[in-house]
J.: 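Supplied in structure tokens, the structure appears directly below.
Chain letters run A, B, ... following the sequence lines, proteins first and then strands; every chain starts at 1.
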Amino acid sequence: MIKITLPDGSVREYDKGTTGLDIAKSISEGLARNVLSISVNGDLWDLSRPIHSDASIVLHKWENEEGKHAFWHSSAHLLAQALQELYPQVKFGIGPAIESGFYYDVDFGDKTISETELPAIEKKMKDLASQKFDYIREDISKEEALTYFGKKNENYKTELISELEDGTITLYKQGNFTDLCRGPHLPDTSSIKAVKLLSVAGAYWRGDERRKQLTRIYGITFPKQNLLDEYLVFLEEAKKRDHRKIGKELELFTFSAKVGMGLPLWLPKGAMLRERLENFLKKVQKQYGYQQVVTPHIGQKELYVTSGHYAKYGKDSFQPITTPAEGEEFLLKPMNCPHHCEIYKDKPHSYKELPLRYAEFGTVYRYEQSGELHGLTRVRGFTQDDAHIFCTPDQLKDEFKKVIDIILYIFKTLDFKNFTTQVSLRDPNNTEKYIGSDENWKKAEDAIIEAVSEKGLDFVVETGEAAFYGPKLDFMVKDALGRKWQLGTIQVDYNLPERFELEYVGADNQKHRPVMIHRAPFGSMERFVAVLIEHTAGKFPLWLTPDQAVVMTISEKYDDYAKKVLNLLNNYDIRSFVDDRSEKIGRKIRDNELKRIPYLLIVGEKEEETGTISVRRQGEGDKGSMTVEEFVTFLNEEVKRELENINI
RNA sequence: GCCAAUGUAGCUCAGUUGGCCAGAGCAGCUGAUUUGUAAUCAGCUGGUCGGGGGUUCGAAUCCCUCCAUUGGCUCCA
């Protein structure tokens, strides 16, 4: 007998060689029906794998990430099995579970596959699933594995195997499909009830663009049809929140093929929104001792040679602008920092002046690959809410922490609750990708980790993700479809001060080198607005929204009164307009609701007689009537509430 | 840049075994209506069917190419 410890601490005895499924059955029939995988002493196992010694276990169901993972991983194998039957020539790459579903990368040889073929593959998957194939685990040696896959000409598999350590390799088999796999898997295919293949895409083998591009098929599966239905509804809802769609509906921005792809054109309402965001941040930054500066959109090539950007990105950037006579070369600026370094160099600095904080809403231009462009989130010309802090090494950590405060304040004000933070460090095995000394990198990386830890942020560390001149802390927020975007960023930089030979005179009357912090709380106005749109579905906070109120007339008899109301609102700085179309009030309500105008003000006979307005809140309905002054107070209090949850 | 797909009026979309002057709803314009809490009625305007080339007696429809967009991959200072 062996002792099995359950998550609640209770211990049960089982025969040696019992399985996860046996344990589940011994607890309850319902659990046995729903359990998908098991952790044995912290390792993920199949439910059918015999347990030979004492262990503590956790059973995973659909509701657990581990359970879903096993389910989708097994589904990827099912997809592969279906592909093998339908397209015998196919060769397999890898097929993992992902955050929502799974994919399989396959090589169809000369054949191309299109999405029109997906329904047939789905059908085959469902057929196979209902045949209840067991997922059978098998241990073999590396040599045997190489021979086995070699015989089948599975060159992607043999490449993977040859890189594995010598020893035992596990295979999983269901029906006549066998795959190299660590597992774990479901006991059998029958629990996969609902299948949806979502898209076909190209994906380079092992993520290397120099290697062959395989066909990736994305899919998702569920143990019940209604879960799939719900997921498809979610996808539809997410589409409605897409910032590209809402941006068009609310007339915030547009693109023109004639102006150029990836170059956003901000329409009046979008420009208004953006301006308010800028003013909001300027106000916060003023309190933190930032000073606004302004620099041009181009700079001499030499500037970027000095900064190191030219060597790193010159070939992949917009190419230099040349002058007619003198043959000078200028680059569109890809970053503001070199310009700000030159501002710093305008005069000598004393340690008493530091930290110096130069801020600029600086528009930069980067050549992004055409296939990368995506609405406002990935563009070729964008405005960073940039600033560079020049400080002494002693001041670095405190300054870094203050920047974190600004970012958290902004996220809180705009109700971004589900952000993640990522510390990006240099790849120690690939240091030639970066500039600067090992010593400076260490100092910079330590400073970030200390500051972030002291701030109590919950962060993940990614090595190899640093900027080429320094490590960074990024704040990531998801869009409506769950795609992660980097918004705020803070970067520590010892290198540019050296390259630009920046100095200050210390208390010891000696020259010293300052440290630089690059930071952008929004990241870029474009991307930030995009994510804000998706978060709010276009219902912006009252303080930010382009139009706060609309005055709607019952009939044209009340046009004059409506204009009086509008004048009053203007006097109180309420952003508003009149809807005096010859339409019924129901129609005006509908149209302005759809335009996400927060307050709909109705004026007719009653209101004119009593000198009031009838107030309706977007999405909520009638709020009764009040005087314009009362409404202004009411609205201003709401704005105050939106902005006051922050104490700097 | 690569793989796959899409592109018909300002917007959403019909229209493919190739065949009468290419359609609808919404938006816009004109007129009627003077309206009380999510769509008033009528008329009209609007498209070189993404651009170019080809096949054909005939192309929105088939082929080639370019452009743009979408979903991914690679990249992201």
Side-chain angles (χ1 to χ4, degrees), chain A residues 103 105 108 112-118 198-218 239 242 244-245 248-249 251 254-258 260-262 304 307-314 316-317 333-338 364-375 377-380 384 434-435 465-470 472 481 483 485-486 489 491 493 496 518 527 552-559 580-594 600-607 614-619 621-623 625:
Chain A
Y103 65 79
D105 283 350
F108 283 102
T112 57
I113 193 166
S114 87
E115 289 184 17
T116 54
E117 295 170 64
L118 295 183
L198 297 161
S199 64
V200 176
Y204 299 107
W205 171 234
R206 315 203 78 175
D208 185 340
E209 64 182 320
R210 290 163 304 192
R211 305 201 60 179
K212 179 158 171 135
Q213 191 161 48
L214 307 182
T215 303
R216 174 171 299 179
I217 299 178
Y218 282 93
K239 262 192 211 160
D242 190 316
R244 292 166 298 192
K245 182 176 161 66
K248 192 172 272 178
E249 284 167 6
E251 298 177 9
T254 188
F255 288 91
S256 146
K258 207 160 205 162
M261 59 163 92
Y304 304 101
S307 70
H309 290 99
Y310 190 77
K312 179 83 182 167
Y313 293 104
D316 301 319
S317 294
K333 78 172 166 188
M335 288 200 85
N336 303 299
C337 37
V364 297
Y365 301 88
R366 298 179 184 174
Y367 179 79
E368 303 287 0
Q369 299 184 91
S370 58
E372 264 314 319
L373 301 174
H374 182 95
T377 51
R378 195 77 189 271
V379 287
R380 286 178 169 173
Q384 294 180 312
Y434 311 90
I435 57 172
E465 293 292 312
F468 75 96
Y469 49 76
K472 56 182 184 164
L481 278 171
R483 290 177 291 213
W485 296 98
Q486 177 211 306
T489 182
Q491 311 173 357
D493 183 1
L496 284 189
H518 309 239
R527 184 176 286 178
M552 307 184 299
T553 51
I554 293 289
S555 83
E556 67 186 25
K557 289 186 223 155
Y558 313 105
D559 283 359
D580 57 3
R581 292 174 302 159
S582 168
E583 295 286 352
K584 291 189 178 178
I585 197 66
R587 176 55 181 273
K588 293 187 189 182
I589 288 170
R590 177 182 158 80
D591 288 349
N592 289 298
E593 284 270 345
L594 290 175
L600 313 183
L601 310 175
I602 296 167
V603 295
E605 189 179 0
K606 267 188 297 187
E607 289 75 17
S614 194
V615 178
R616 197 188 148 96
R617 172 81 219 206
Q618 199 263 353
D622 199 353
K623 294 279 172 192
S625 57

J.: Below 30° counts as parallel, above 60° as perpendicular, anything between as tilted: where do the rings of His518(A) and Tyr469(A) land?
T.: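 Answer is parallel, since the angle falls under 30°.
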
J.: Remember a base hit wins even if backbone is also touched, and classify Ile602(A) as base, sugar-phosphate or nothing at under 4.0 Å, heavy atoms.
T.: base

J.: Flag the pair Arg590(A) / Glu583(A) as yes when at least one side-chain heavy-atom distance between them is below 4.5 Å, and no otherwise.
T.: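 With C-beta onward as the side chain, the pair stays apart.
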
J.: Over how many whole Å does the gap from Asp105(A) atom CG to C73(B) atom P extend?
T.: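 Rounded to whole Å, this separation is 10 Å.
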
J.: Would one find a side-chain N or O of Arg378(A) under 4.0 angstrom from OP1 or OP2 of C75(B)?
T.: no

J.: Does OP1 or OP2 of U35(B) have a side-chain N or O of Lys557(A) closer than 4.0 Å?
T.: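 Answer is yes, contact under 4.0 Å.
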
J.: Base, sugar-phosphate or nothing for Gly207(A)? Non-hydrogen atoms, less than 4.0 Å.
T.: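 Result for Gly207(A) = sugar-phosphate.
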
J.: In the structure I gave you, are the side-chain heavy atoms of Lys333(A) and Tyr304(A) within less than 4.5 Å of one another anywhere?
T.: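 When only atoms from C-beta onward are counted, Tyr304(A) and Lys333(A) do touch, with a gap below 4.5 Å.
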
J.: So what's C29(B) paired with, Watson-Crick or G-U wobble, going by both distances under 3.5 Å?
T.: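 Answer to the pairing question: G43(B), which forms a Watson-Crick or G-U pair with C29(B).
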
J.: Base, sugar-phosphate alone, or nothing: which one does Gly586(A) contact when heavy atoms must sit under 4.0 Å apart?
T.: sugar-phosphate

J.: Using a 4.0 Å heavy-atom cut-off across all strands, classify Tyr469(A) as base, sugar-phosphate, or nothing.
T.: sugar-phosphate

J.: Could you encode protein contacts along nucleotides 11-18 of chain B as a string, one character per nucleotide from 5' to 3', using B for base contact, S for sugar-phosphate-only contact and - for no contact, with a heavy-atom cut-off of under 4.0 Å?
T.: --------

J.: Look at the side chain of Tyr558(A) against the base of G36(B) and say whether a donor-acceptor pair falls under 3.5 Å; ignore hydrogens and angles.
T.: no

J.: With a 4.0 Å cut-off on heavy atoms, is Ser614(A) in touch with a base, just the backbone sugar-phosphate, or nothing at all?
T.: base

J.: Could you tell me whether the side chain of Gln213(A) has a donor or acceptor atom within less than 3.5 Å of a complementary atom in the base of C2(B)?
T.: yes

J.: What interatomic distance, in whole Å, is found between C1' of U16(B) and the corresponding atom of G71(B)?
T.: 25 Å

J.: What's Ser317(A) touching, base or sugar-phosphate or nothing? Going by heavy atoms closer than 4.0 Å.
T.: base

J.: Ignoring hydrogens and angles, tell me if any N or O in the side chain of Arg527(A) forms a donor-acceptor pair with the backbone of Thr377(A) under 3.5 Å.
T.: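 Present.
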
J.: Once you round to the nearest 0.5 Å, how far does CE of Met552(A) lie from NZ of Lys584(A)?
T.: 15.0 Å

J.: Are Arg244(A) and U70(B) close enough that a side-chain N or O sits under 4.0 Å from OP1 or OP2?
T.: yes

J.: Would you indicate, yes or no, if U69(B) has its OP1 or OP2 atom less than 4.0 angstrom from a side-chain nitrogen or oxygen of His374(A)?
T.: no

J.: Rounding to the closest angstrom, what is the interatomic distance between C3(B) and A39(B) at atom C1'?
T.: 44 Å

J.: With 3.5 Å as the limit, what N/O pairs link the protein to nucleotides 4-10 of chain B?
T.:
none

J.: Which of the following nucleotides, U35(B), A38(B), U69(B), is nearest to the side chain of Arg590(A)?
T.: A38(B)

J.: Once you apply a heavy-atom cut-off of 4.0 Å, does Glu583(A) come out as touching a base, just sugar-phosphate, or nothing?
T.: base

J.: Taking the side chain of Ile589(A) as its heavy atoms from C-beta onward, which of C76(B), U37(B), G71(B) lies nearest to it?
T.: U37(B)

J.: How would you label the contact of Tyr218(A) with the nucleic acid (heavy atoms, under 4.0 Å): base, sugar-phosphate, or nothing?
T.: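 Tyr218(A): backbone/sugar contact only, no base atoms under 4.0 Å.
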
J.: On a plain distance test, is the side chain of Ser582(A) in donor-acceptor contact with the base of U34(B) below 3.5 Å?
T.: no

J.: With 3.5 Å as the limit, what N/O pairs link the protein to nucleotides 27-29 of chain B?
T.:
{"from": "A27(B)", "atom 1": "OP1", "to": "Arg587(A)", "atom 2": "NH2", "distance (Å)": "2.0"}

J.: Using the side-chain heavy atoms of Ser370(A), tell me which of these nucleotides is nearest: A38(B), U69(B), G1(B).
T.: G1(B)

J.: If you only use heavy atoms from C-beta on, which nucleotide in G71(B), G1(B), U40(B) is closest to the side chain of Arg483(A)?
T.: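 Among the listed nucleotides, the one closest to the side chain of Arg483(A) is G71(B).
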
J.: Do Tyr367(A) and Arg380(A) have side-chain heavy atoms sitting under 4.5 Å apart?
T.: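 Yes, close enough: below the 4.5 Å cut-off.
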
J.: Base, sugar-phosphate or nothing for Glu605(A)? Non-hydrogen atoms, less than 4.0 Å.
T.: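 Base, at least one base atom sits under 4.0 Å.
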
